[in-house]
Protein chains: 2
Amino acid sequence: MNELEVKDSILSVFPKLSESSLQSILQHATYLECSKGTKLITEGKRHRYFYFILKGSVKSYHQKKSKEICLWFGFKNELISTINTFEGEASTETIELLEDSILYCFETQAIRELAQTDIFISHWITELIIQHAKFLEERLNGLQFLTSLERYNFLIRNAPDILQKVSLTDIASFLGVSRETISRIRGQK
Amino acid sequence: MNELEVKDSILSVFPKLSESSLQSILQHATYLECSKGTKLITEGKRHRYFYFILKGSVKSYHQKKSKEICLWFGFKNELISTINTFEGEASTETIELLEDSILYCFETQAIRELAQTDIFISHWITELIIQHAKFLEERLNGLQFLTSLERYNFLIRNAPDILQKVSLTDIASFLGVSRETISRIRGQK
DNA sequence: GTAATGATTTGATAAATGTCACAAAATTTA
DNA sequence: TAAATTTTGTGACATTTATCAAATCATTAC
């Protein structure tokens, strides 16, 4: 993957970023290839980096007793972090690669320092967090208002790729129901 | 309520705001007294303002068939808006006063323009949205992992005031269970 | 290819919760 | 204060979903 393709990918996330701001961001980024199962962020720990997925996918989950409960999934051309990590605190979630992936790795502190003086980067960050908040609101909506069936349908309509990459067990915990229930929902179609 | 008290309240939300940034924000704000039932923001409409509660409380909800489903509650010393409203889009929720309240009313567009050039205000906004996102994550956590009983206990432990100001019906829809279930949970203590 | 492992499906049962109907209590209005 | 209205509580029953156990299917390792 060459530098131009990388830039294109990143600009797809926030097209308003100026060339010079993009340059200063990219100066703090590293190209990275990691294999399936790698944990980019581990629950309970602080981490210095956030990531951009050039190719591949991740799941975010947290441990509840002996079960993993999935919070979200991330795919190509998405920025990956947790709010806690971004704020320099210990993460409440673990982020793990679902397949061998190509990443861009950013040093959080360096980017935050850029945002102290570069107002465009500050706006970029605001925008990213707004996107994240909208995602959370939509998800909350689903959990609060929709039945299991409706949530499942919503998911496969809006993100059909998920079925290819994510196990049923993970999808079930993501939707907040048991594996068996999802299996039955699926069987009735 | 005098100007000094107002400033104190607002600074309690983001103490890092400089005196001059605070001044420029306050220049776009209006003191406002509204009575119970007033809708600050209405589902499906665009709105020019966001609010700060100097005294009083609000609920945010959205209509599902003929039912109101509560999304959150707001109290003294909290900033009140919806992400959509803040972004200039039509709101997906309605915000209504639970009691006669005293508000500060800010013109969203003016504040956003300040944020274009005043990096401290830009950071202030980022911080506010991060707080909102953390709230959403915590709530999502509750809906996805906790039983009704655990959610109810969590709520009254973390926000006991809610019981005084909010009806059981609203609390039930907020927790994602029926009125009757909440009533029974409460009865068993 | 076969065994071993892991993932998904299916069945039976129990627990939790929703729904409907109505009673009791609290609050508001006249 | 009394009546009307709204809010909350309770019982009976239906529905949904979780849980546990076992069977099937798929994948990996040898």
Side-chain angles (χ1 to χ4, degrees), chain A residues 35-37 57 59 61 63-70 73 96-100 139-156 160-189, chain B residues 35-38 56-59 61 63-70 73 96-100 139-156 159-189:
Chain A
S35 55
K36 182 175 172 171
S57 52
K59 67 174 171 183
Y61 62 89
Q63 216 78 28
K64 160 105 173 178
K65 289 164 195 166
S66 61
K67 274 187 192 165
E68 287 179 7
I69 303 197
C70 286
F73 307 101
E96 182 180 319
L97 296 188
L98 287 170
E99 61 189 313
D100 296 353
R139 204 162 134 50
L140 212 38
N141 245 20
L143 285 173
Q144 201 177 356
F145 308 142
L146 304 182
T147 64
S148 308
L149 175 61
E150 290 170 321
R151 294 207 290 277
Y152 180 78
N153 286 334
F154 185 86
L155 182 69
I156 58 173
D161 305 351
I162 280 184
L163 290 178
Q164 267 81 60
K165 307 214 170 186
V166 181
S167 78
L168 204 72
T169 305
D170 286 343
I171 289 177
S173 76
F174 175 72
L175 294 176
V177 292
S178 71
R179 233 178 336 146
E180 291 91 337
T181 298
I182 289 295
S183 182
R184 287 182 181 110
I185 284 173
R186 177 191 273 182
Q188 280 159 15
K189 318 200 111 210
Chain B
S35 55
K36 181 175 176 172
T38 302
S57 53
V58 305
K59 67 174 171 181
Y61 61 90
Q63 216 77 31
K64 162 107 172 174
K65 291 166 194 163
S66 61
K67 273 188 194 165
E68 287 178 6
I69 303 197
C70 285
F73 306 101
E96 183 181 318
L97 297 188
L98 287 169
E99 61 188 312
D100 297 351
R139 206 162 133 49
L140 213 37
N141 244 19
L143 285 173
Q144 201 178 355
F145 310 140
L146 303 183
T147 64
S148 307
L149 175 62
E150 290 171 321
R151 294 207 290 278
Y152 179 79
N153 285 336
F154 184 85
L155 181 69
I156 58 174
D161 305 350
I162 280 184
L163 290 177
Q164 266 81 61
K165 307 214 170 185
V166 181
S167 78
L168 204 72
T169 306
D170 286 342
I171 289 176
S173 76
F174 175 72
L175 294 177
V177 293
S178 70
R179 232 178 341 135
E180 292 90 338
T181 298
I182 290 294
S183 184
R184 285 183 182 109
I185 284 173
R186 178 189 275 183
Q188 280 159 14
K189 319 200 110 210

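Order of the sequence lines fixes the chain letters, A, B, ..., with proteins taken first and strands second; residue numbering starts at 1 for each chain.
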**Asked** According to a strict under-4.0 Å criterion, is Thr181(B) in side-chain N/O contact with OP1 or OP2 of dG18(C)?
**Response** yes
**Under 4.0 angstrom between Arg186(A) side-chain N/O and dT9(C) OP1 or OP2** = yes
**Interatomic distance where NZ belongs to Lys67(B) and P belongs to dC20(C) [whole Å]** =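 Going from Lys67(B) (NZ) to dC20(C) (P), I get 9 Å.
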**Request:** Please confirm whether the backbone N or O of Cys70(B) pairs with a side-chain atom of Ser173(B), one donor and one acceptor, at under 3.5 Å?
**Result:** yes
**Prompt:** Would you say Arg151(B)'s side chain and Leu175(B)'s backbone share a donor-acceptor pair under 3.5 angstrom?
**Reply:**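 Confirmed, Arg151(B) side chain pairs with Leu175(B) backbone.
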**Item:** Nearest-nucleotide comparison on DNA chain C, the residue closer to the 5′ end among Ser148(B) and Lys36(B)
**Value:** Ser148(B)
**Asked** Which is true for Thr169(A) with a 4.0 Å heavy-atom rule: it touches a base, it touches only sugar-phosphate, or it touches nothing?
**Response** sugar-phosphate
**Request:** Give Ser167(B) one of three labels, base, sugar-phosphate or nothing, depending on what nucleic acid heavy atoms sit under 4.0 Å from its own.
**Result:** sugar-phosphate
**Message:** Ignoring hydrogens, what is the shortest heavy-atom contact between Phe73(A) and Ile162(A)? Give both atom names and the distance.
**Reply:**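 Result for this residue pair: CD1-CD1, 3.9 Å.
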**Prompt:** How far apart are the closest heavy atoms of Tyr152(A) and Arg186(A), and which atoms are they?
**Reply:** OH-NE, 3.6 Å
**Asked** Hey, does the side-chain of Arg184(A) have a donor or acceptor N/O within less than 3.5 Å of a partner on the base of dG11(C)?
**Response**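 Pair found.
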**Prompt:** Which listed nucleotide (dT8(D), dT19(C), dT10(C)) is nearest to the side chain of Ser183(B)?
**Reply:**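 Nearest listed nucleotide: dT8(D).
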